[in-house]
2 protein chains.
Amino acid sequence: MELADGWGLDAVTMQGVAGRIGVTPMALYRLVASKADLLDGLVELFLTELPTPADDLPQDEQLAAMADGLRQVARRHPAVTPLLLQRPATTPGSKQVRQAVYGRLAAAGVDADKIARVERLMSTAILGFLASEAGGRLSHHPRRVLDEDFLALQRMLGAFIADQSTGEGR
Amino acid sequence: MELADGWGLDAVTMQGVAGRIGVTPMALYRLVASKADLLDGLVELFLTELPTPADDLPQDEQLAAMADGLRQVARRHPAVTPLLLQRPATTPGSKQVRQAVYGRLAAAGVDADKIARVERLMSTAILGFLASEAGGRLSHHPRRVLDEDFLALQRMLGAFIADQSTGEGR
DNA sequence: ACCTGAACACCGTTCAAGT
DNA sequence: ACCTGAACACCGTTCAAGT
């Protein structure tokens with residue numbers, strides 16, 4: 001992760017990582033099955049850094065806090081962020097985060113049969129934005145513009161959640 | 001592009017492309033400045049395949065048609081799709097597509113000062129979904145589920161557009 | 001059990017040389 | 001003008017060999 005943060009994802013090579021921990025490249029194959037496996041480990045590491053919002057916050061603020069936390073981790077690890085969209089969302093870390101979102105969507109009043117879809121669209125939209133931001137697709141815009149974009153994105157998702165809920169709003 | 005479609009993005013190497021057109025790798029440097037330049041060409045090629053919806057459709061259907069067209073091209077070129085999020089949206093192809101969306105958002109009644117932001121959030125959410133679909137993050141779901149996801153995404157964006165407009169809806 | 005040396009088949013890129 | 005040969009410094013990965 002230090003290698004990715006400091007020198008970009010291209011610096012994360014078997015030889016690079018091996019050198020970083022003072023060992024030959026072949027020794028790494030005792031720890032990971034392949035380079036893809038190593039990159040999956042990077043994604044898991046990313047996910048473990050996500051903060052868990054306090055339980056006593058209102059539900060919509062908890063979801064907003066999770067989105068903000070995701071963006072902060074993405075800002076710390078921009079080289080790793082695009083990987084989140086490219087690996088199956090079935091690893092332990094992914095599942096844990098998803099379950100946390102499920103719980104908060106349920107508490108927010110989203111119909112049980114819509115929760116999974118709402119979670120997919122939310123994560124997809126947020127990760128798409130963060131990958132764009134980290135990958136450089138939007139980096140020609142000043143930070144302030146992107147901050148407001150992210151706020152607008154959160155409001156859009158908030159409206160969508162309300163729309164998929166019964167018992168409040170419409 | 002044929003190489004990417006048939007064998008994945010990893011098969012798009014200087015040597016692979018050179019072999020494909022019957023030339024040595026070094027000869028490619030007369031046509032592209034670097035491998036990154038070659039990949040940018042792939043993205044441009046992708047964008048030129050986007051269909052232009054008929055002008056006589058209602059505005060919301062034109063936007064839906066553009067989204068559908070984007071998804072169809074993404075399905076033809078899944079290996080290239082993730083690249084769209086990773087390159088600056090400043091190439092000729094990107095600008096042309098963006099201007100087309102601007103025009104349709106204006107016609108849909110979106111306030112002039114909000115058009116650029118709405119376009120960024122729309123493209124970000126759609127590309128995020130298509131990259132997830134193409135990259136395998138969601139590929140453990142059956143096609144039917146993803147089709148419905150995409151429809152829900154379009155409805156969410158439609159509601160967002162209406163929300164950013166004056167003179168109709170709320 | 002854990003690591004290494006040597007090797008293999010690749011990469012992107014350069015530079016001088018050929019026609 | 002356009003392409004090639006030879007070379008360089010890298011890749012990921014394997015396998016047999018060392019301790």
Side-chain angles (χ1 to χ4, degrees), chain A residues 1-47 77-88 90-94 131 134-137 139, chain B residues 1-47 77-88 90-94 131 134-137 139:
Chain A
M1 187 63 101
E2 291 171 9
L3 228 38
D5 292 344
W7 307 100
L9 200 60
D10 287 350
V12 182
T13 65
M14 298 302 272
Q15 356 258 330
V17 173
R20 189 79 178 68
I21 61 179
V23 104
T24 59
M26 318 71 141
L28 293 183
Y29 285 88
R30 295 202 49 76
L31 310 173
V32 296
S34 62
K35 182 170 180 198
D37 191 27
L38 188 153
L39 294 179
D40 283 348
L42 228 38
V43 171
E44 288 295 291
L45 210 50
F46 180 109
L47 292 172
H77 308 298
V80 176
T81 303
L83 289 182
L84 297 221
L85 278 176
Q86 293 172 29
R87 306 298 310 157
T90 52
T91 63
S94 293
R137 193 176 82 96
S139 63
Chain B
M1 186 63 101
E2 289 171 10
L3 227 38
D5 293 343
W7 307 99
L9 201 60
D10 287 350
V12 183
T13 65
M14 298 302 273
Q15 356 258 329
V17 173
R20 189 78 177 69
I21 61 179
V23 103
T24 59
M26 318 71 141
L28 293 183
Y29 285 89
R30 296 202 49 75
L31 310 173
V32 295
S34 63
K35 183 171 179 197
D37 191 27
L38 188 154
L39 294 180
D40 283 347
L42 227 39
V43 171
E44 287 295 291
L45 210 50
F46 180 109
L47 293 172
H77 307 299
V80 176
T81 302
L83 289 182
L84 297 221
L85 277 176
Q86 293 174 28
R87 306 298 311 157
T90 53
T91 63
S94 291
R137 193 176 82 97
S139 63

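All chains are named by letter (A, B, ...) in the order of the sequence lines, taking the proteins before the strands, and each is independently numbered beginning at 1.
- Separation of atoms CZ (A:Arg137) and OG1 (B:Thr90) is listed at 10.5 Å; rounding is to 0.5 Å.
- Looking only at side-chain heavy atoms (C-beta outward), B:Leu47 and B:Leu84 come within less than 4.5 Å of each other.
- Between B:Val43 and B:Gln86, every side-chain heavy-atom pair lies at or beyond the 4.5 Å cut-off.
- Scanning both residues, A:Thr13 and A:Asp10, for their nearest heavy atoms gives CG2-O, 3.4 Å.
- Rounded to whole Å, atom C1' of C:dT13 lies 13 Å from atom NZ of B:Lys35.
- Near DNA chain D, meaning a heavy atom under 4.0 Å from it, residues 9-17 of chain B has no residue at all.
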Determine which bases of DNA chain D form Watson-Crick or G-U wobble pairs with both distances under 3.5 Å, and write the result as a 5' to 3' dot-bracket string with | for other-strand partners.
||.|||||...|||||.||
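- Closest approach of B:Pro82 and B:Ala131 over heavy atoms only: CA-CB, 4.2 Å.
- One finds the CG atom of B:Leu3 at 10.5 Å from the CD1 atom of B:Ile21 (value rounded to the nearest 0.5 Å).
- Taking a 4.0 Å limit (strictly below) on heavy-atom distances, residues 37-44 of chain A does not reach DNA chain C anywhere.
- The minimum heavy-atom distance linking A:Ala4 with A:Ala79 is given by the pair O-CB, 3.5 Å.
- The line from CG of A:Leu42 to CZ of A:Arg87 is 11.5 Å long, rounded to the nearest 0.5 Å.
- Residues satisfying the side-chain hydrogen bond (donor to acceptor under 3.5 Å, both in side chains) criterion with B:Asp5, sequence neighbours excluded, are B:His77.
- Among all heavy-atom pairs drawn from B:Pro78 and B:Ala134, the shortest one is O-CB, 3.5 Å.
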Going 5' to 3' through nucleotides 1-6 of chain C, assign each nucleotide B (protein heavy atom under 4.0 Å from a base atom), S (under 4.0 Å only from sugar-phosphate atoms) or - (no protein heavy atom that close).
-S-BBB
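- The two atoms that bring A:Ser94 and A:Glu44 nearest to each other are N-OE2, 4.1 Å, heavy atoms only.
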Distance-only donor-acceptor pairs under 3.5 Å for side chains of residues 23-31 of chain A, two or more places apart:
none

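- Of the side-chain N and O atoms in B:Tyr29, none sit less than 4.0 angstrom from OP1 or OP2 of C:dT14.
- The line from CG of B:Leu45 to CG of B:Leu39 is 12.0 Å long, rounded to the nearest 0.5 Å.
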